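Below is the structure I would like to discuss, written out as structure tokens.
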Number of protein chains: 2
Amino acid sequence: MAPADIQQNVHRLFSEYLEHGGHRKTPERFAILREIYAVDGHFDIELLYGRMQQTKCQVSRATLYNTMDLLLDARLVRKHQFGTTQAQFEKAQIRGQHDHVICDGCGKVQEFCDPRIQNVRNTVSEVLGFRVSHHALHIHGICADCQKKSNERTKAARAAVQP
Amino acid sequence: MAPADIQQNVHRLFSEYLEHGGHRKTPERFAILREIYAVDGHFDIELLYGRMQQTKCQVSRATLYNTMDLLLDARLVRKHQFGTTQAQFEKAQIRGQHDHVICDGCGKVQEFCDPRIQNVRNTVSEVLGFRVSHHALHIHGICADCQKKSNERTKAARAAVQP
DNA sequence: GTTTATGCAAAGGCTTTGCATTTCA
DNA sequence: TGAAATGCAAAGCCTTTGCATAAAC
């Protein structure tokens, strides 16, 4: 789907959601949605606030938080807590279900997909009678880059001791 | 392992960790470790603070936070962010690797194990050259109890409309 | 005797809330 | 017109920090 089509599509979905829920269709809400779908990857409220400040629709943080709740409920946005206190978000349409690999060395977040997770979800659903809505799998560790840097430092340290 | 043995074991592990890292072996640190291993399931800082207040070693919140960092580094405690801002913790020894099912209705957290996750970890490790240290799989949704309650409310509402 | 840890209180950062003003329906 | 959303600032909550005191080594 082309970017313009995606924007059009999520606009329609949000519009339907607001109408169905008895919420008002304010320009702020659609401007926020548009900006979110213009961002690549993850973002936090502060980044979104900064970007909105540079548009002609300069919304307040309070409105951002309110609107995020609506978008989460509408399933147009996903929320993450990658171990820090501040929440991270990402657009939910377009990109399918995926999980996250988090480097505890440099903080980099990579995405990956594994169909086996779906099997685990199904099992939980069956065994516990749980109605699964979504999941989050975070794999923590050290990325290849950081491992490499760490090795180089070790070598350098050895060289310094035994020149 | 009997509870007393576990206490003895983690005490020893922490003692070794502190010694190796050049940290001091204060009574507060061991009292906190002991209290953590006396708690069942998950807890947050506030709950731990409350429990410590009732012992003869009444540590400050600052010391709790400091000590949690050490215990996390020593791998004697695990930290979780179950979607809320405040961090949840649990003891890391005894209980093996497990994952969490979180009810977004009542907030209840259940645990489960699924060996298939290990396969996913291995794949990430192989494909990305990532050195995996740990993971967290959170499955969100509505638990059986909340589904039941929701159904009852729907029935009651129907009965009220059509008596 | 040094250096590190503790405890208190204050500051910090992210998020929520209260209330006057504006705006959508 | 009436109810709901916005924006601002203040308050809230969890967490971190600075500094004097106390304790480990």
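Hydrogens, waters and symmetry mates play no part in the numbers below; they use all other heavy atoms, side chains included. This structure is a prediction, so every number in the text was calculated from the model and none was measured.
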Answer yes or no: is there a donor N or O on one side and an acceptor on the other, between the side chain of A:Ser125 and the main chain of A:Phe130, under 3.5 Å? yes

Does any donor atom in the side chain of B:Asp114 or B:His98 lie under 3.5 Å from an acceptor atom in the other side chain? no

Quickly work out the A:His23 NE2 to D:dA5 P distance and round it to whole Å.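 After rounding, the gap between these two atoms is 7 Å.
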
Would you tell me if any nitrogen or oxygen in the side chain of A:Arg29 comes within less than 4.0 Å of OP1 or OP2 on D:dT6?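 Yes, A:Arg29 has a side-chain N/O under 4.0 Å of OP1/OP2 on D:dT6.
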
Tell me, please, the opening and closing nucleotides of DNA chain C, 5' to 3', among those with an atom under 4.0 angstrom from a non-hydrogen atom of chain A. C:dC14 to C:dA25

With DNA chain D as reference, determine whether A:Glu28 or B:Glu46 sits nearer its 5' end, using the nearest nucleotide of each.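 Going by which nucleotide is closer to the 5' end, it is A:Glu28.
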
Linking I/L/V/M/F/W/Y whenever their side-chain heavy atoms sit closer than 4.5 Å, directly or via other members, would B:Leu48 and B:Leu70 fall into one cluster?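 Result: yes, single cluster for both.
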
Report the distance from atom CE of A:Met68 to atom C1' of D:dT6, rounded to the nearest whole Å. 17 Å

With no angle test and no hydrogens, is the base of D:dA4 tied to the side chain of A:Arg24 by a donor-acceptor pair under 3.5 Å?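 Under the 3.5 Å cut-off, the side chain and the base do form a donor-acceptor pair.
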
Check the distance between D:dC14's P and B:Leu64's CG and give it to me in whole angstrom.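 After rounding, the reported distance stands at 14 Å.
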
Are B:His135 and A:His138 close enough that their ring centres sit under 6.0 Å apart? no

OP1 or OP2 of D:dT16 less than 4.0 angstrom from a side-chain nitrogen or oxygen of B:Tyr65, does that happen here? no

Atom CD1 of B:Ile45 and atom C1' of D:dC14 are separated, to the nearest Å, by 10 Å

Atom OH of A:Tyr49 and atom C1' of D:dG7: how far apart are they, to the nearest Å? 10 Å

Between the axis at one end of the helix from C:dG1-D:dC25 to C:dA25-D:dT1 and the axis at the other (five pairs apiece), what's the angle to 10 degrees? 30°

If I take atom CD in residue A:Gln86 and atom P in nucleotide D:dT16, what distance separates them, rounded to the nearest angstrom? 13 Å

Flag side-chain contact, heavy atom, 4.5 Å: B:Tyr37 against B:His11: no

Compare all side-chain heavy atoms of B:Val10 with those of B:Arg34 and state whether any distance is below 4.5 angstrom. no

So does A:Thr26 get a side-chain nitrogen or oxygen closer than 4.0 Å to the phosphate oxygens (OP1/OP2) of D:dA4? no

Non-hydrogen atoms of A:Gln53 and A:Val59 that approach each other most closely: OE1-O, 3.6 Å

Can we call the ring centroids of A:Phe89 and A:His80 under 6.0 Å apart?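 A:Phe89 vs A:His80: aromatic centres not under 6.0 Å.
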
Short N-O contact, A:Arg61 and A:Glu46, less than 4.0 angstrom: yes

Map B:Leu70 and A:Ala62 onto DNA chain C by nearest heavy atom, then report which one ends up closer to the 5' terminus. B:Leu70

Is A:Gln58 touching bases, backbone alone, or none of the nucleic acid, heavy atoms closer than 4.0 Å?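 Sugar-phosphate only.
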
